[in-house]
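Below is the structure I would like to discuss, written out as C-alpha cells.
In what follows, every chain begins at residue 1, and chains take the letters A, B, ... in the order their sequences are listed.
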Amino acid sequence: MTPDDLGQAIRAAVRACVERGDLAIAVPERVTVERPKVRAHGDYATNVALQIAKAAGRPPREAAETIAAELRQHSGVRAVDVAGPGFLNITLAGDALGGIVRTVLNAAQAYGRTSVLAGQRINLEFVSANPTGPIHLGHTRWAAVGDALGRLLTASGAEVTREFYVNDAGAQISRFAASLYAAAIGAPMPPDGYVGAYIADIAAQVLALCPEVDLGDPAEAVEVFRRQGVPLMLEDIKTALAGFGVVFDVYFSEKDLHDKGELDSALKRLRDQGHVFEADGAVWLRSTDFGDDKDRPLIKSNGAWTYIAADAAYYLDKRERGFDKVVIMLGADHHGYIRRYRAMAAAYGDDPDQTLEILIGQMVTLTRAGEPVKMSKRAGNIVSLEDLVEAIGVDAARYALARSSTDSQIDIDLDLWTRATNDNPVFYVQYAHARIASLLRNAAELGLHRDSDTDLGLLQTQPETDLLRALGEFPRVVASAAELRAPHRVARYLEELAGIYHRFYDSSRVLPYGDEPAVPLTFARLELVEATRVVLGNGLALLGVTAPERM
RNA sequence: CGCCUCGUAGCUCAGAGGACAGAGCGCCCGCCUCCGAAGCGGGAGGCCACACGUUCAAGUCGUGUCGAGGCGACCA
C-alpha cells in the first residue's frame, strides 16, 4: 500500500463517518499522509482530525476516535492510534507495506512519474547566456537546475520545451565584434571590450574561415567578425552545455525577432490597447498601470529598441506558439525585471499569475582552500562552466549546483567536491547505488534470481520497513519538487534514501553466508534491494547525474 | 531611500503550519574471518538573528528591528 493508497483509504473512512451522520463536514479533497519522524508513531500519520475538528464542532481527539474506528476496518491497516492533540498514527498490515516493492519494480524506470502537471504546456527558458563569451558560473547553476527542472516537469506529466534565448542583436554584440577585430589586428582592446583568451581564439577562427577579409577597412571587417564570430561563440556554448549534459529544444534568436518585424507588431498591439505613450522623444509602456514602479521605454530617444521591447515580442511569440506557462530562470541581478515583465504580460491581457513565472537564482561562489576563486584562464575575469567541470567533474558539478534551494546563495568548495571520499554528498548517493549493483552481481553469481512470487510480507524489521516507507515517498517527492520548482528536494531525498539503505545494509544480511541455502527472506530482500536501486537510479537521472555500477 | 533573497549545530546546507529541530562534514568513542568500511552505531555540539502578532499548533505565516548578499540606466 503506497501513501497515496492510504490517503484514499483515509478519505473513504471520513466519508463513511459523514454518511453515517457521525461527522457533519465536507470530506477534504486531500489529506496529508506523512512519515512520522518517530518510529513509535507508526508507519504513517495523518492530521485530518485536527483539520476538520473545528468544522465538525467536535474536540479533535473525539473526531480522531471516530475516524480511527472506521479506518481500522480497512484490511491493509493493522492498527490506528489516536495520539497527542488528535493525530492518527497508522500501522499497516504485515504485507501491505511490502507491496511498495512490487509497485516500484513494476513501474521500473517510470516509478516517480505522475500526472500532477498533465495538460500543461510549459516553455522553460534558462541559461540564455549572451553569445559574447563562455558560460559563467551563474549560468551554470541554471544549466544544472533548469535541466533538472525540465526533467521533473516532464516526469510530472507536463509538455515541456527547453529554450535558450540568444541575445544576438544589440550593443553587446557590437562590442564583441569590435573586440574580435582588435584582437585580429593586434590593436589594444577597446575600453568596453571583452577580455579573455577566448577572444583571440575566436578571432583566429574567423580569420581562418575568411582569409580574404580586408582588415584595413574597420567597418567591413567588424561586420565580418560579427557575422562569423557570433555563431562560433554560440557553438562553443552549445558544446560546453552538451558536455554538461544539457540540450535545448530551441535556440531562439533575438535577431530573428527583429528581422521578422515581431517587435513592431508587439508594439502595435500595446499601442492599440492604449498602453503606450510618447515623451522626451522616446516611446513608453505605461507599465505603472500594471503594478510597475515606473514606466518603461520601448524605443529610446535615439530610435533604438530597448531590451524590454524585445522581451515583449518574445513573450508574445511564446504565447502564440501555444504555451500556457512561460517560465524564465534568471540570476539575482535581474530581479528588478520581474515587475516590468509582469506588467508587460498584463498589458497584453494575460494574468501573469497564470502565464508567467520568473524564477530568480542567487549567486554562486567558488572557494579553494578557503580562498575565493575568481579568475579563469580562457574566459578572463570570470569562472566558466568548463572551469568548474575541469575542477570537479560533471556529476559533482551538477549535483553541487542542484542540491541547494535557488533562493540560497551557495559556496562550492572545490577541494571538498574534488575529493572522491564520503565528504562529498554525490559520492554518498552514488556509492549506495554502486554498492547495490555489486550486491546484485554477487547474487547473480550465486545463481539467485529475482522471484516475483516472493512473499514481501517477510520484510518486517525496522531497517526493512524504514526502507520500504522511504521508497514509497519517491513519487510524492518528485511531484512536489516539480510543482514547487525545487529540484534540490530530489537531491535531499536521495541523500536520505542512501542513508536508510546503508543502515539497512549494515544490519541486514541479504545473501546467504558460505554454502548456506537461500531462504524466502533472501529473495524478499533481493527484491527490496533491487527496488532501492531503481529509485536511486531514477532520482539521479532526474538530476542528470550518473548512477554508476562500479566506482 | 526603495525593491529582492537570505539569517537554523564549529562548517556547508535541508526542513508544503504539526509531535522531542535534521543531514553531511569536522571533533570524541566504538563496529569488518563471508554481500564494497567511499559504510554503520554512540557521544558532544542549537534562546531556529531579535521582538510582537495570527493559530488548537510557528523554524515555517504577518508586521517591525538588526545583520549579510544582490538590484535599483532611454545598459545588457
| message | Let's test your reading of the model: under 3.5 Å, does the base of B/C13 pair with the side chain of A/Ser404 as donor and acceptor? | response | no
| said: So that I can tick it off, tell me whether A/Glu65 and A/Arg58 are bridged by a salt bridge, with the cut-off set at under 4.0 angstrom between side-chain N and carboxylate O. | reply: no
A/His502: side-chain hydrogen bond (donor to acceptor under 3.5 Å, both in side chains) partners, not counting sequence neighbours: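 Partners of A/His502 under the side-chain hydrogen bond (donor to acceptor under 3.5 Å, both in side chains) test: A/Arg435.
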>> With a 4.0 Å limit, can you tell me whether A/Arg492 has a side-chain N or O closer than that to the phosphate oxygens OP1/OP2 of B/G15?
In response: no
Rounded distance in Å - CH2 (A/Trp417) to P (B/C13):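 Distance, rounded to whole Å: 10 Å.
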Sequence-distant partners of A/Arg525, side-chain hydrogen bond (donor to acceptor under 3.5 Å, both in side chains), two or more places apart: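 Residues passing side-chain hydrogen bond (donor to acceptor under 3.5 Å, both in side chains) with A/Arg525: A/Glu464.
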Query raised in the report: Can A/Gln172 and A/Asn167 be counted as having a side-chain donor-acceptor contact under 3.5 angstrom?
Result: no
Quick one: does A/Thr132's side chain get under 4.5 Å of A/Met233's, heavy atoms only?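 A/Thr132 does not reach A/Met233 side chain to side chain.
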Next on the checklist: With rounding to the closest Å, how many angstrom separate the C1' atoms on B/U8 and B/U33?
Outcome noted: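 Comparing C1' positions in B/U8 and B/U33 gives a spacing of 45 Å.
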Side chain A/Glu496 and base B/A14 donor-acceptor under 3.5 Å:
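Absent.
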List, with names and distances, any nitrogen or oxygen atoms from the protein found under 3.5 Å away from nitrogen or oxygen atoms belonging to nucleotides 35-37 of chain B.
{"from": "B/C35", "atom 1": "O4'", "to": "A/Arg509", "atom 2": "NH2", "distance (Å)": "3.4"}
{"from": "B/C35", "atom 1": "O3'", "to": "A/Asn442", "atom 2": "ND2", "distance (Å)": "2.9"}
{"from": "B/C35", "atom 1": "O2'", "to": "A/Asn442", "atom 2": "ND2", "distance (Å)": "2.7"}
{"from": "B/C35", "atom 1": "O2", "to": "A/Leu511", "atom 2": "N", "distance (Å)": "3.3"}
{"from": "B/C35", "atom 1": "N3", "to": "A/Val510", "atom 2": "N", "distance (Å)": "3.1"}
{"from": "B/C35", "atom 1": "N4", "to": "A/Tyr505", "atom 2": "O", "distance (Å)": "3.0"}
{"from": "B/C35", "atom 1": "N4", "to": "A/Ser508", "atom 2": "O", "distance (Å)": "3.1"}
{"from": "B/G36", "atom 1": "OP1", "to": "A/Ser438", "atom 2": "OG", "distance (Å)": "2.9"}
{"from": "B/G36", "atom 1": "OP1", "to": "A/Asn442", "atom 2": "ND2", "distance (Å)": "3.2"}
{"from": "B/G36", "atom 1": "OP2", "to": "A/Ser438", "atom 2": "OG", "distance (Å)": "3.2"}
{"from": "B/G36", "atom 1": "O2'", "to": "A/Tyr431", "atom 2": "OH", "distance (Å)": "2.4"}
{"from": "B/G36", "atom 1": "O2'", "to": "A/Arg435", "atom 2": "NE", "distance (Å)": "2.7"}
{"from": "B/G36", "atom 1": "N7", "to": "A/Ser438", "atom 2": "OG", "distance (Å)": "3.1"}
{"from": "B/G36", "atom 1": "O6", "to": "A/Met551", "atom 2": "N", "distance (Å)": "3.3"}
{"from": "B/A37", "atom 1": "OP2", "to": "A/Arg435", "atom 2": "NE", "distance (Å)": "3.3"}
{"from": "B/A37", "atom 1": "OP2", "to": "A/Arg435", "atom 2": "NH2", "distance (Å)": "2.2"}

Residue pairs passing the side-chain hydrogen bond (donor to acceptor under 3.5 Å, both in side chains) test where at least one lies in residues 302-311 of chain A, sequence neighbours excluded: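 As it turns out, there is no side-chain hydrogen bond (donor to acceptor under 3.5 Å, both in side chains) pair with a partner in residues 302-311 of chain A once direct neighbours are skipped.
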Please report the distance separating the P of B/A49 from the corresponding atom of B/G59, rounded so that it comes out in whole Å.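 It works out to 10 Å between them.
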Taken in chain and number order and not counting sequence neighbours, the residues that satisfy side-chain hydrogen bond (donor to acceptor under 3.5 Å, both in side chains) with A/Arg450 are A/Glu527
Indicate the ring-plane relationship of A/Tyr501 and A/Tyr505, choosing parallel, tilted or perpendicular according to the 30° and 60° boundaries.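 A/Tyr501 vs A/Tyr505 ring planes: tilted.
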Using a strict cut-off of less than 4.0 Å between a Lys/Arg side-chain nitrogen and an Asp/Glu carboxylate oxygen, indicate whether A/Arg296 and A/Asp293 qualify as a salt bridge.
yes
### Message
Just N and O in the side chain of A/Ser408: are any of them under 4.0 Å from OP1 or OP2 of B/A14?
### Response
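For A/Ser408, the contact criterion (side-chain N or O under 4.0 Å from OP1 or OP2 of B/A14) is met.
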Original post:
With a 3.5 Å cut-off and just heavy-atom distances, do the side chain of A/His335 and the base of B/C3 make a donor-acceptor pair?
Top reply: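 By the distance-only test, yes, there is a pair.
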_Sequence neighbours excluded, every pair satisfying salt bridge (Lys or Arg N to Asp or Glu O under 4.0 Å) that has a member inside residues 330-343 of chain A_ =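 Every pair satisfying salt bridge (Lys or Arg N to Asp or Glu O under 4.0 Å) with a residue in residues 330-343 of chain A: A/Arg342-A/Asp353.
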Given the P atoms of B/A23 and B/G43, what is the spacing between them in whole Å?
-> 11 Å
### Query
Does A/Phe164 have its ring centroid less than 6.0 Å away from the ring centroid of A/Phe252?
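No - the distance between ring centres of A/Phe164 and A/Phe252 does not fall below the 6.0 Å cut-off.
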### Message
Anti or syn, where syn is a glycosidic angle within 90° of 0; which label fits B/C32?
### Response
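B/C32: syn glycosidic orientation.
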Residues passing the side chain to side chain contact (heavy atoms under 4.5 Å, CB included) test with A/Ala143, sequence neighbours excluded, are A/Val127, A/Leu241, A/Phe244, A/Val246
Using the C1' atom as the reference point in each nucleotide, state the distance between B/G53 and B/A16 in Å, no decimals. 23 Å
*asked:* I want to check one thing: is the phosphate of B/G15, taken as OP1 and OP2, less than 4.0 Å away from some side-chain N or O of A/His488?
replied: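 Yes, A/His488 has a side-chain N/O under 4.0 Å of OP1/OP2 on B/G15.
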Check: When you check the phosphate oxygens OP1 and OP2 of B/G2, does a side-chain N or O of A/Lys294 lie under 4.0 Å from one of them?
Finding: no
- Closest to the A/Phe427 side chain: B/A14, B/C6, B/A38?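 So the nucleotide nearest the side chain must be B/A38.
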Q | OP1 or OP2 of B/G24 under 4.0 Å from side-chain N/O of A/Arg403 | A | no
### Query
Near RNA chain B, which residues from residues 163-173 of chain A have a heavy atom under 4.0 Å away?
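Correct list: A/Gln172.
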Worksheet item: Would you say a side-chain N or O of A/Lys54 is under 4.0 Å from OP1 or OP2 of B/U55?
Response: no
Which nucleotide in the set B/G15, B/G70, B/G69 lies at the smallest distance from any side-chain heavy atom of A/Asp333?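 Shortest atom-to-atom distance from the side chain points to B/G70.
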All N/O contacts under 3.5 Å from nucleotides 19-21 of chain B to the protein, with atom names and distances to one decimal?
{"from": "B/A19", "atom 1": "OP2", "to": "A/Lys37", "atom 2": "NZ", "distance (Å)": "3.0"}
{"from": "B/A19", "atom 1": "N6", "to": "A/Asn89", "atom 2": "OD1", "distance (Å)": "2.8"}
{"from": "B/A19", "atom 1": "N1", "to": "A/Asn89", "atom 2": "OD1", "distance (Å)": "3.1"}
{"from": "B/A19", "atom 1": "N1", "to": "A/Asn89", "atom 2": "ND2", "distance (Å)": "3.3"}

Residues passing the side chain to side chain contact (heavy atoms under 4.5 Å, CB included) test with A/Ala53, sequence neighbours excluded, are A/Pro60
| Is there a donor and acceptor pair closer than 3.5 Å between the side chain of A/Asn47 and the base of B/G18? |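 Side chain to base: pair present.
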Subject >> Pairs meeting criterion salt bridge (Lys or Arg N to Asp or Glu O under 4.0 Å) with involvement of residues 399-418 of chain A, two or more places apart >> reply: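 Residue pairs with at least one partner in residues 399-418 of chain A: A/Arg403-A/Glu495.
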| Could A/Arg469 and A/Glu34 be called an ion pair, given the rule that one side-chain N must be under 4.0 Å from one carboxylate O? | no
A/Asp411 CG to B/G69 C1', in whole Å, measures 13 Å
Read 5' to 3' with Watson-Crick or G-U pairs under 3.5 Å, [ ] for crossing pairs and | for partners on another strand, RNA chain B gives (((((((..((((....[...)))).(((((.......))))).....(((((..]....))))))))))))....
